[in-house]
**Q** 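What follows is a single structure, and I will ask about it in a moment.
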Amino acid sequence: MSLELVAVAVPVPLYKTFDYLVPARLRGRLQPGMRVKVPFGRRQLVGVALEAPREAGGDLAQYRHVEELLDEETLLPREMLGLARWAADYYRHPPGEVIWALLPGNLRRGQPARLPDDAGLRLTRSGSAALAELPSRKKALRSLLQALGPGPQPRSALPRGPALATALESGWVETVPAAALPFTLAETPPELTPEQSAAWTALQATGGFDVALLQGVTGSGKTELYLRRVAEVLERGGQALVLAPEIGLTPQLVARLQQRFGEGVAAFHSGMSEGERTKSWLRARSGAARVVVGTRSAVFLPFARLELIVIDEEHDPSYKQQEGFRYSARDVAVLRAQRLGIPLILGSATPALETLHNARTGRYRRIELSARVGRGAPPQVRALDLRGQTLQHGLSAPLLDKVQQHLDAGGQALLFINRRGYAPMLLCHDCGWIAPCAHCDARMTLHRGRRRLICHHCGAQQPAPSACASCGGKNLQPVGEGTERIEDALRNRFPMVRTERFDSDRLAKKGELEQLLAGIRSGDIRILVGTQILAKGHDFPGLSLVGIVSADQALYGADFRAVERMGQLVTQVAGRAGRSAGIQGDAAPPAEVLLQTHEPEHPALQQLMRGGYPALAELLLAEREAAGLPPYSHLALLRAESMEAELPLRFLAAARELLAPHADGVMLSDPVPALMERRGGFTRAQLLLQSGSRAALQKLLAACVTRLDGLPEARKVRWSVDVDPADLF
DNA sequence: ACTCGCGACGAC
DNA sequence: TCGTCGCGAGTC
């Protein structure tokens, strides 16, 4: 009898799979997508069979045997194996680690993939017979059986009690899996506005693979369209995936979906315990979860019948993983939808330039929603020229006056500054020393509330000094501003009203955000100071003034996406403001958005103020085209870091030599130090690969990346490839 | 990643 | 001379 070999992905950072002999006892049972226990060197590892076993010939001495089969049925369906293979290829990441990224922790460790699914109950034949003969005094039992007469029901819809136990014992009632339960809407959907109706018609006009960019300002009612699209899918027994950029935004979406669809809505994100995540994973796979709301990693859930993907706030940078396996959940989703032949909805008020470009070239359909449901148009952004102005803790007199005006008129004010802490620098006024981070090329940020200096790049901390470390002088001055400082300044200036800060420091505790949001809605909180946390998800109907403390940093930022991000953030924050005059009745001040800047003539700001984000995007796309940057070219970044200063550049120089002969149609930059060369004790450098053709870039990476491991210079550096990098730091 | 083996140096 | 520390190689 001939022998069989099977290719197994094992969780090691190696760019290949390993072949194992299939022992006779497992013949015919081992399928692709099942987990196996295999010997690996001196260790035992859990791996995943990637292909069906194949006949083996020739010398088999090098192979060892699969030790144990851990699954009785396929854990990762064919579709997932294909997706993993594509991702490993495209992102140049070891296949075993990619497969690992698809599995929750419990399953990686080889635990059984079983989930009791008895969510539903059904009347059996003997149950129907029993019902007819049941004496009428057995009330509870009768009503239970009667309730099940029309068809299977979820347990939760039925009365609990001894009657159920009796019915199950007697075989009158049996359990059915959740996926077998019929779908019903738990609430009546609201009427659509005329504009929503038009968008709805456009959204539906499709079958099979289709990417729709649903571009609508905050409050334009995108979510309702998502819900209706999901409903369609659920009605025909399919499953839907809804991605949100952050953990913080999932509970709202889950609640909204549960309200509409009742049971069968699951969440999946890293804020959940491992057990909960495994449960959602298995429910997606069994079909028990009809809709899953999740963050980035949910794009790899093994749905049984996925028929729709929705990506909310598709422009958000958190969809790109910045560590290890650096995938973009948005791009993976597009590919997955394509392979499955299903529709994908990308929703955003401020789409990424890549997405806008795809819409322009016709790859995506663009569907616009411009009006805000029940609210006025979003206010226009106006510049507040800072030149010549005296600043108090970064705030100009005209801006403070505006805050006063809006408070007087009964409005609320939001001050946006995307920097935590009190001040980004602590300067000695006597000798010029600035408190540095010992591990990074960066300054420590002063957190006055905690009386500490904290490095925002590596997390290093120390107590805030009372004297200069260099000259011993006591004249230490905070320079620049963060949320804490703005909060302080506003509290001092407006002591009679409640001012609250919204950033990750202030909101570390669970439930705190909800409390503060309630305070905003009740009107108790009048001034909000915060970071981008305020830009996402929440609506503040009483908010009439938005002040952007500064956007200038982005204008001179070294990263080519800085201005795009600034435009998105400013637009998103601005969208929080402006109720319609009608809604809350009283004399609410008309909404205003003011942006403090030292360069009001900057073309990017001009565009943003004149035509909003769409106009800015036009300008930026033209700039990108002229500069040959994405989306008009494709990038990959080879990064290297090491504790020893010279090694990263030395490695990249060797890497460049190796790449250069194969670089057909790909431009290789010189190896250069990273923008922040030292970070967390590591010295970092990078090499940029750029090409007009994605295929050419892929071909080069495919030819070379695995061979980089073999370079002697690779020994002592940590290196990685970042395909489609989100930023160049 | 992990684990092993090999050669370098050090108190006994 | 027996230890462990640092590296290079190999993992079906």
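Residue numbers start from 1 in every chain, and the chains themselves are labelled A, B, ... in the order their sequence lines are given, proteins ahead of strands.
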**Q** Below 4.0 angstrom, N of the basic side chain to O of the carboxylate: do A:R639 and A:D722 qualify?
**A**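 Counted as a salt bridge, because a side-chain N and a carboxylate O are separated by less than 4.0 Å.
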**Q** Rounded off to whole Å, could you give me the CZ-to-P distance for the A:R64 and C:dG10 pair?
**A**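 Taking CZ of A:R64 and P of C:dG10, I get 16 Å after rounding.
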**Q** For residues A:V98 and A:A84, report the shortest heavy-atom separation together with the two atoms involved.
**A**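 Closest pair (atom of A:V98, atom of A:A84, distance): CG1-O, 3.6 Å.
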**Q** Can you measure A:D709 atom CG to C:dG10 atom P for me and round it to whole angstrom units?
**A**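 Checked: the CG to P distance equals 13 Å.
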**Q** Find the distance A:Y15:OH to B:dA1:P and express it as a whole number of Å.
**A**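 Roughly 11 Å, once rounded to whole Å.
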**Q** Which residues pass the salt bridge (charged side-chain N to carboxylate O under 4.0 Å, His left out) test with A:R694, not counting sequence neighbours?
**A**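 Residues passing salt bridge (charged side-chain N to carboxylate O under 4.0 Å, His left out) with A:R694: A:D724.
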**Q** Pick one: which of A:R363, A:R561, A:K320, A:R330 meets salt bridge (Lys or Arg N to Asp or Glu O under 4.0 Å) with A:E354?
**A**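 The residue from A:R363, A:R561, A:K320, A:R330 that satisfies salt bridge (Lys or Arg N to Asp or Glu O under 4.0 Å) with A:E354 turns out to be A:R561.
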**Q** Expressed as a whole number of angstroms, how long is the span from A:R718:CZ to B:dA1:P?
**A**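 Taking atom P of B:dA1 as the reference, CZ of A:R718 is at 8 Å.
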**Q** Between P on B:dT3 and CG on A:L14, what's the gap in Å once rounded to a whole number?
**A**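 Interatomic distance, CG of A:L14 to P of B:dT3: 14 Å.
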**Q** Rounded to the Å, how far apart are A:L45 CG and B:dA1 C1'?
**A**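 Whole-Å distance recorded here is 9 Å.
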**Q** With the side chain of A:R42 defined as its heavy atoms from C-beta on, choose the nearest nucleotide among B:dC4, C:dT11, C:dC7.
**A**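 Nucleotide nearest to A:R42's side chain: B:dC4.
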**Q** Paired stems touching DNA chain B, three or more consecutive Watson-Crick or G-U pairs with both distances under 3.5 Å?
**A**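 Runs of three or more consecutive pairs: B:1-11 with C:1-11.
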**Q** Hey, does A:P39 reach any base, or is it just sugar-phosphate, or nothing, if we go heavy atoms under 4.0 Å?
**A**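 Result for A:P39 = sugar-phosphate.
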**Q** Measure centre to centre between the rings of A:F18 and A:F40, then say whether the value is under 6.0 Å.
**A**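 Centroid separation for A:F18 and A:F40: below 6.0 Å.
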**Q** Contact class for A:L21 vs. all strands (heavy atom < 4.0 Å): base, sugar-phosphate, or nothing?
**A**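 Touches nothing.
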**Q** Rounded off to whole Å, could you give me the CD-to-C1' distance for the A:E713 and C:dC7 pair?
**A**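 The answer, rounded to whole Å, is 15 Å.
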**Q** Just distance, no hydrogens or angles: give the donor-acceptor pairs under 3.5 Å from side chains in residues 661-668 of chain A, sequence neighbours left out.
**A**
{"from": "A:H662", "atom 1": "ND1", "to": "A:L658", "atom 2": "O", "distance (Å)": "3.4"}

**Q** Please determine if a side-chain N or O atom of A:R43 lies less than 4.0 Å away from the OP1 or OP2 oxygen of B:dC2.
**A**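 For B:dC2, neither OP1 nor OP2 has a side-chain N or O of A:R43 closer than 4.0 Å.
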**Q** Measure from CH2 on A:W719 to P on B:dA1 and round the result to the nearest Å.
**A**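 In whole Å, B:dA1 P lies 12 Å from A:W719 CH2.
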**Q** Counting only side-chain N and O atoms of A:R715, is one of them less than 4.0 Å from OP1 or OP2 of C:dA9?
**A**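 Indeed, a polar side-chain atom of A:R715 lies that close.
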**Q** Return the orientation label for the A:Y90 and A:W86 ring planes: parallel under 30°, perpendicular over 60°, tilted otherwise.
**A**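 Correct class here is parallel.
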**Q** So what does A:F40 touch, heavy atoms closer than 4.0 Å: a base, only the sugar-phosphate, or nothing?
**A**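 Answer is base: heavy atoms of A:F40 come under 4.0 Å of a base.
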